[in-house]
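See below for the structure under consideration.
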Amino acid sequence: MPLETTQDPQDLELSFAATRPFDFHAWLTTWQREFVFFRVDARNRINYMAPSVRDILGYDPETMLGRDYHEYFDVEDPMQAQLHELSERMMGAEPPDVHRCVARRRNGDRAYFLLRAREVRGPFGVVDREMMGQDITVRIEAVLSLRQSERKYRRLVEGLRSEYIIYARDANDFITYASPSIQKVLGYSPDEAVGRHAAGFYGLEQAGQTILDHFRRDSQAGKVVHNYAGEFRHRNGGVRFLEVQERPIFAPDGRYAGMEGIARDVTEAAAAAREIRELKDELERRVAHRTEQLQRMNEELRASETRYRDVVETQTEFIIRWRPDGSRTFVNEAYARYLGRPAHELIGESFFPRVHSEDRARFDDVIASITPAHPSATYEVRGPRPDGVMAWMQWTTRGFFDADGQAVEDQAVGRDVTELREAADLLRQKESHLTHLSRLATAGEMVAGIAHEINQPLHAAKTFAEAARRHLQAGGAERISTAIDCTTEISEAISRTVQIIRRLREFTKAKPVELESLDVNAILREALELAAYEIRRSGVAVRKRLTERLPAVYGDRVQLEQLFVNLLVNACEAMAGAQPAERLLTIRTAAADGLVTAQIQDSGCGLREADAHRLFDAFYTTKKEGMGMGLSLCKSIAEAHGADLRFESNPDGPGLTFILTLPTSGAPFA
Ligand code: ADP
């Protein structure tokens, strides 16, 4: 123990004057300072008190006479018990006539005395006792305070966290004390540790000895604190890592007496520190990696941002973003330029008032239709240009929504389509003009046929007229009746001629589209009639597979008629090269699922695969005299009717089949 090693126990041992060889002078000097002599009778009453009591306890000796000495010495006091225990433990058993007691000074302070009593017999056999008291207050108090601090210290040491070992070793490096925590740290009980050589605790005994020698030399040279951190060996052979701090102890004569030390087990802490260091390194590596990644991403982002900005700014398309209240959050250069105002003025301002009042309701409907499920819409609205002229704008708007599906922002890409719309209108006009011209051309092509068609009834009419004349010339009731029959035939032939001419006129007349309920079979029959001459001339056999009572379709009769005429004429032309017996034209109609289908099948030359995708292109032709407008026109007519026109190669034979699928108007054709 540090206390035991720094204090000589002998110093604490008290000795009664009589236990030492008697030295009168010394005795006399100490007498004055610390000894009280008195005498008590059998009933403990003081019958003599030496004057030194005045200096030592402060009482007038006269006043003490006749009083029980217990009023002054060996008084009842809580310290008595401690004092006895202290005597036992620290100073060994007292002789029977000696004991330590508490005395009371006049000022009320406690004093500690060593009392020795001796019986004396008076001349009359009265037994008195002579008492010698030595004031040992200073020493006892020193011991008590020492003990108190020792207790505190021990409590501290023993109660230290278990990774701390307090130890002491002597001048020869043998352990003289080890706190209980050594058991946990190094596996030795304190008893096992005490007496062992300190070098044996080091990881390598040899190294341990070197360190111990080193410390000793340094201590003798005046070094006060020694630090060491290194490996120590656990009793089970394992290695512990300890941090050690030692201070040298010197005997009163200045001799080196050993070391007191404290060792801290930092094995786990060292491992943890190592782990933390590794983790830190790892973290730093990852942070560096991540930073590099982020940097790269930032650069890429910047690059793509520049690209994006370039795209946005060099756009001729307008790009704006706005909040649900219409206030713009972004506009690109093109838009600002278009409106002739700086971008910062446009931001924050609502564009809703720009929307033409007549388009506003439709615009609101479109915007309301933009939902997370259908996030974008394209529409056209009117808005004023800076010069006040109304312009048509086409916008494609995409909505952005929060997690609850609430609209947060919209982004719209748009352009001024006024000219485009005008051009489209013009195109439509031109198209219809072209349709007309094409019909004239078709009619022109058919003039020969038509002439033939007209020729026939006219010829018949002539024949009947001549017959009628002959009958009338012959006279007689019967002949007259026959002549009348002839006039009926003449009238019918003329009617047919008129009908053909009317149809031709209708076909070639430029007139606006007229929508009506139509029977596809009837239109096909009329088309066959219009193309009759071409069919006959081509030597083509016609087979009709028409499904009667088709549902009505809604459309323009003349246009559909023209579509069929074109297909029929093309079919005849395609079969020109085929053997006469194999020139077969099959016309079919059918209805299903709200659709009416008309098929025109030829057994002609068919088509090269490579040309298939060009067939409907305008000006695509393989014919010397061809215009290449026919099928392109048919396609436009079909589209205008919401119909589909396509062709297929016949699966089992030469030729093509053109298929027109028209939506029905819902009601059967009446
Ligand atoms: P044109 O008849 O003036 O050439 P079209 O547009 O009517 O113009 O036809 C374009 C081309 O499509 C024709 O030149 C022809 O090569 C091809 N074609 C049209 N109909 C048929 C068909 N029934 N069989 C094979 N080829 C056809």
Side-chain angles (χ1 to χ4, degrees), residues 427 430-450 507-508 523-524 527-528 530-545 558-589 597-641 643-661:
L427 196 68
K430 289 263 191 284
E431 247 179 19
S432 104
H433 186 59
L434 196 67
T435 314
H436 173 58
L437 287 182
S438 156
R439 270 205 302 270
L440 285 182
T442 313
E445 276 172 28
M446 293 190 305
V447 159
I450 302 286
F507 190 71
T508 51
I523 296 172
L524 264 172
L528 278 168
L530 280 167
Y533 175 72
E534 189 66 33
I535 292 167
R536 242 195 327 274
R537 200 183 57 152
S538 310
V540 168
V542 177
R543 197 163 58 179
K544 281 185 265 179
R545 298 276 182 275
V558 177
Q559 282 197 5
L560 289 178
E561 227 168 63
Q562 184 181 2
L563 186 153
F564 288 132
V565 168
N566 282 350
L567 295 181
L568 293 172
V569 171
N570 274 346
C572 292
E573 286 171 353
M575 289 186 284
Q579 290 297 316
E582 282 160 10
R583 295 174 196 161
L584 181 61
L585 187 63
T586 312
I587 317 287
R588 293 190 186 86
T589 55
T597 332
Q599 295 193 1
I600 296 172
Q601 181 180 7
D602 63 57
S603 54
C605 57
L607 197 69
R608 285 191 311 141
E609 188 74 28
D611 297 329
H613 68 283
R614 301 164 60 197
L615 217 60
F616 290 113
D617 289 354
F619 309 116
Y620 170 74
T621 179
T622 55
K623 299 165 195 168
K624 238 198 260 139
E625 309 284 304
M627 275 209 347
M629 282 306 295
L631 285 181
S632 148
L633 219 93
C634 291
K635 191 81 173 171
S636 315
I637 293 171
E639 276 166 9
H641 283 78
D644 177 56
L645 176 66
R646 60 195 174 86
F647 60 89
E648 285 171 359
S649 287
N650 294 330
D652 36 34
L656 293 184
T657 302
F658 279 81
I659 304 157
L660 178 74
T661 313

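Note that these values count all heavy atoms, side chains included, but never hydrogens, waters or copies made by symmetry. Both ligands and their constituent atoms are indexed starting at 1 by order of listing.
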Quick one: table the atom pairs, ligand 1 N or O against protein N or O, below 3.5 Å, distance rounded to 0.1 Å.
| from | atom 1 | to | atom 2 | distance (Å) |
| --- | --- | --- | --- | --- |
| ligand 1 | 2 (O) | Asn570 | OD1 | 3.2 |
| ligand 1 | 2 (O) | Lys623 | NZ | 2.7 |
| ligand 1 | 3 (O) | Met627 | N | 3.0 |
| ligand 1 | 3 (O) | Gly628 | N | 2.9 |
| ligand 1 | 4 (O) | Thr621 | OG1 | 2.5 |
| ligand 1 | 6 (O) | Gly630 | N | 3.4 |
| ligand 1 | 6 (O) | Leu631 | N | 2.8 |
| ligand 1 | 7 (O) | Asn570 | OD1 | 3.4 |
| ligand 1 | 7 (O) | Asn570 | ND2 | 2.9 |
| ligand 1 | 7 (O) | Leu631 | N | 3.4 |
| ligand 1 | 8 (O) | Gly628 | N | 3.4 |
| ligand 1 | 14 (O) | Thr621 | OG1 | 3.3 |
| ligand 1 | 14 (O) | Thr622 | N | 2.8 |
| ligand 1 | 14 (O) | Thr622 | OG1 | 3.2 |
| ligand 1 | 16 (O) | Thr622 | OG1 | 2.4 |
| ligand 1 | 23 (N) | Asp602 | OD2 | 2.8 |

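Not counting sequence neighbours, the partners of Phe647 by the ring-ring contact (aromatic ring centres under 6.0 Å, His included) test are Phe616, Phe658.
Using modelled atom types, no side-chain atom of Arg614 and backbone atom of Tyr620 make a donor-acceptor pair closer than 3.5 Å.
The shortest side-chain heavy-atom distance between Leu633 and Gln562 falls under the 4.5 Å cut-off. A heavy-atom distance below 4.5 Å is found between the side chains of Asn650 and Gln601. Put simply, the side chain of Leu631 does not reach to within 4.5 Å of the side chain of Asp617, judged on heavy atoms.
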Pair Asp611-Arg608, salt bridge (charged side-chain N to carboxylate O under 4.0 Å, His left out): steps then yes or no: CA-CA 5 Å; Asp611 297 329; Arg608 285 191 311 141; 3.0 Å; yes
